[in-house]
Number of protein chains: 2
Amino acid sequence: MVDIATRVHNHKWKIDPIVRSLIDTDFYKLLMCQSVFRNKPDTTVTFSLINRTTRIPLASLIDEGELREQLDHIRTLRLRRGESTWMRGNTFYGKRQMFRPDFMDWFENLQLPPYHLDRIGDQYELTFEGKWPEVMLWEIPALAVLMELRGRAVLRHMGRFELQVLYARAMTKLWEKIERLQPLDGLRIADFGTRRRHSFLWQDWAVQAMSEGLGSAFPGTSNCLIAKNRDLEAIGTNAHELPMVYAALADSDDTLARAPYDVLSDWHEEHDGNLRIILPDTYGTAGFLSRAPDWLAGWTGMRIDSGDPEAGAETAIRWWQERGEDPREKLLIFSDGLDVDKIVALHHRFSGRVRVSFGWGTLLTNDFRGLVEGDALAPFSLVCKAVAANGRPTVKLSDNPEKAMGPEAEIARYKRVFGVGEQERVEVVV
Amino acid sequence: MVDIATRVHNHKWKIDPIVRSLIDTDFYKLLMCQSVFRNKPDTTVTFSLINRTTRIPLASLIDEGELREQLDHIRTLRLRRGESTWMRGNTFYGKRQMFRPDFMDWFENLQLPPYHLDRIGDQYELTFEGKWPEVMLWEIPALAVLMELRGRAVLRHMGRFELQVLYARAMTKLWEKIERLQPLDGLRIADFGTRRRHSFLWQDWAVQAMSEGLGSAFPGTSNCLIAKNRDLEAIGTNAHELPMVYAALADSDDTLARAPYDVLSDWHEEHDGNLRIILPDTYGTAGFLSRAPDWLAGWTGMRIDSGDPEAGAETAIRWWQERGEDPREKLLIFSDGLDVDKIVALHHRFSGRVRVSFGWGTLLTNDFRGLVEGDALAPFSLVCKAVAANGRPTVKLSDNPEKAMGPEAEIARYKRVFGVGEQERVEVVV
């Protein structure tokens with residue numbers, strides 16, 4: 001039986017919204033937002049879209065009107081009662097009331113600030129400017145909207161049947177990856193793929209597939225909405241935007257050199273356990289670790305997000321050993337451009353030596369490579385970053401010069417201050 | 001929105017019927033039924049299930065109660081008004097009123113006759129006895145029920161998600177076959193897979209896939225219900241049961257030797273064009289052709305259903321040439337155990353030399369090989385054949401001794417009468 005009411009209702013859609021909830025975002029965004037809300041509420045920041053894969057002409061592929069409709073729709077969203085209840089009532093990493101009442105009161109009344117959209121050639125210039133705690137929440141939904149609109153532009157020309165076969169193939173492909181992960185003893189792997197997912201529904205399917213196929217080896221997802229709906233753990237800690245903005249705010253080279261540790265000092269006061277994860281690569285992992293205060297060695301673990309992951313992990317293990325810590329009690333989270341081969345290799349090399357965990361992103365939630373003509377659904381490297389704070393440009397170096405960003409003179413200054421020399425280039429796929 | 005009424009209705013199902021229509025059967029069954037209804041209405045025949053793949057213990061896999069429920073359900077079916085309208089009003093191979101009013105009147109009042117079911121060890125003995133025009137209509141639904149119940153027995157232990165991935169894989173597998181057929185210039189291929197299909201819904205999907213993927217290279221399906229629902233051509237002509245029963249009725253070796261030609265003489269009176277297709281292998285193709293009357297060489301084509309198909313096709317071409325016919329105007333229909341490799345090879349070897357056409361059966365509608373543990377969904381060779389007519393046993397020799405059936409002494413007599421010598425054994429997969 002066709003449900004006539006549903007059918008008629010569907011015809012009334014003005015748009016098919018891509019982001020339908022303020023918690024359809026990464027858990028660490030909300031954690032960082034709370035930290036920023038407490039420590040730097042009045043900082044003015046600018047976030048900007050950066051398409052690192054310039055051969056993808058986003059503005060030719062995506063209709064500007066549709067993009068505006070999706071972004072406008074996100075500005076109509078408010079935190080729903082059930083979402084607020086979930087955030088207030090949930091246990092995250094065993095801790096109750098992770099989100100403080102003052103933060104929740106603020107979040108319940110939040111509307112995302114305006115956006116600025118221009119077309120420059122065949123790319124979009126999309127920026128968000130305003131108070132840091134508000135603007136930072138644009139990053140994930142903005143990326144998800146652009147990725148999904150690009151997918152829709154490709155899918156629009158396909159028949160109902162082609163679509164069915166396309167998704168059958170994508171499901172088969174993902175399930176075969178999961179089957180390769182099943183034999184890995186002691187595997188821990190989470191979904192980190194919200195920002196560059198093929199679509200919300202596909203991410204939701206991928207999460208169910210992981211959950212069904214890997215059981216307790218898959219504790220959860222970075223996506224709060226999916227974690228809530230599927231009764232999984234919301235996963236994440238912190239990201240580069242914290243040291244990048246703290247660094248941009250520094251008035252001198254000395255404060256600049258201290259900025260990454262100031263971030264973690266603020267974080268240390270707020271969080272313990274699984275949330276104490278060092279992200280050391282913003283201005284070069286080696287220098288960061290050699291200058292790090294001893295209390296940081298007591299943290300739970302480290303996230304390896306750029307450069308050669310095996311080298312990064314060996315550096316981390318050596319550092320813990322030098323600081324008198326037992327690496328076998330430390331957690332290493334790999335999260336940079338992972339796919340099954342790399343996951344299997346890293347798992348075999350490091351499990352037993354450290355506690356290993358994986359944050360699997362784009363190639364979990366958007367691996368449609370090879371499935372349509374011209375590979376028009378292949379994922380690409382789109383980011384949305386803080387580019388300025390209180391009027392000053394931000395800088396990121398990372399352990400891979402391909403991922404560096406910021407004005408050239410500033411990059412040079414940061415390299416000097418943080419003692420970063422030659423770096424190995426690694427191609428950025430996603 | 002969940003449609004509550006649908007959900008509640010679904011809970012009320014006593015069974016999920018496998019065969020829901022009297023025209024969920026092969027088109028040639030109805031054509032032959034009409035011929036039998038006119039020429040041999042009072043012949044008493046016995047049809048019997050034969051599992052040629054004895055390592056599949058059907059009676060252990062399939063619950064007897066469920067089997068009876070499905071067979072009982074088929075006995076409740078009557079030709080529906082829309083089905084009758086389709087048969088009366090449709091054009092088959094360009095001809096209107098293919099089914100005569102007296103036949104339709106009879107068919108509209110038909111209930112399938114009783115069945116006899118016994119369990120012998122781990123196999124079922126399932127037989128149907130009665131008037132030929134009624135009993136013959138059991139063949140296809142009985143096979144479809146057994147195939148689908150065996151599939152259900154395997155699927156019963158799989159989770160919702162495993163099922164989704166299973167079908168995603170099967171879809172991908174079938175679509176990849178279709179993609180291999182797409183480049184074949186002048187291809188003509190129809191679905192002949194009703195009897196050994198994985199399930200009705202899967203056959204229906206396979207037909208849509210073929211239609212979508214191959215367009216006019218896929219004229220239709222042997223399944224009348226699907227042809228009707230999907231607005232495709234119903235495809236088919238005649239089968240071994242006609243010569244087998246005619247032969248069993250023969251009173252002497254002379255009438256026996258003439259029986260296969262008597263069948264086609266009756267057929268010749270009733271049908272022309274695409275329905276005049278010789279099926280020469282029942283008692284050996286070579287002898288059949290060498291003794292065939294000249295008017296048979298004027299028929300439209302020949303179906304190659306056993307033995308080495310390339311050898312059979314060469315034999316057919318030589319025979320037409322010997323009888324002064326131009327093979328390029330003749331139609332060869334390959335229909336024995338086809339899969340893509342064979343179809344591609346036969347197409348390349350014979351197109352241009354004759355008009356080539358394919359009737360693709362089990363490996364179109366039931367290729368789940370390699371998709372579940374222990375290959376428990378692999379198709380197998382199950383048939384339901386006329387084993388006796390007016391109390392006398394039937395015999396089939398075919399061009400492959402693996403497909404021969406009948407009492408040993410009778411096989412020997414038939415071999416003598418039809419001059420069949422040594423034959424090459426070809427393994428029967430499906």
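This structure is a prediction, so every number in the text was calculated from the model and none was measured. Reminder, nothing fancy here: chain letters follow the sequence lines and each chain counts from 1.
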Review point. Within a radius of less than 6.0 Å around CG of A/D231, do more than 12 heavy atoms belonging to other residues, nucleotides or ligands occur?
Key: no
Practice item. Count the heavy-atom pairs under 4.5 Å between each of A/Q208, A/R160, A/E212 and chain B, then report the option with the highest count. Key: A/E212
**Study point:** Interface moiety of B/A170 toward chain A, non-hydrogen atoms closer than 4.5 Å
**Key:** neither
Study note, to complete from the structure: With sequence neighbours left out, the residues meeting ring-ring contact (aromatic ring centres under 6.0 Å, His included) with A/W175 are B/F161
Practice item. To the nearest 0.5 Å, tell me how far B/T172 OG1 sits from A/M171 CE. Key: 10.0 Å
Review point. Of all of B/A209, B/G213, B/A168, which one pairs up most often with chain A through heavy atoms under 4.5 Å apart?
Key: B/A168
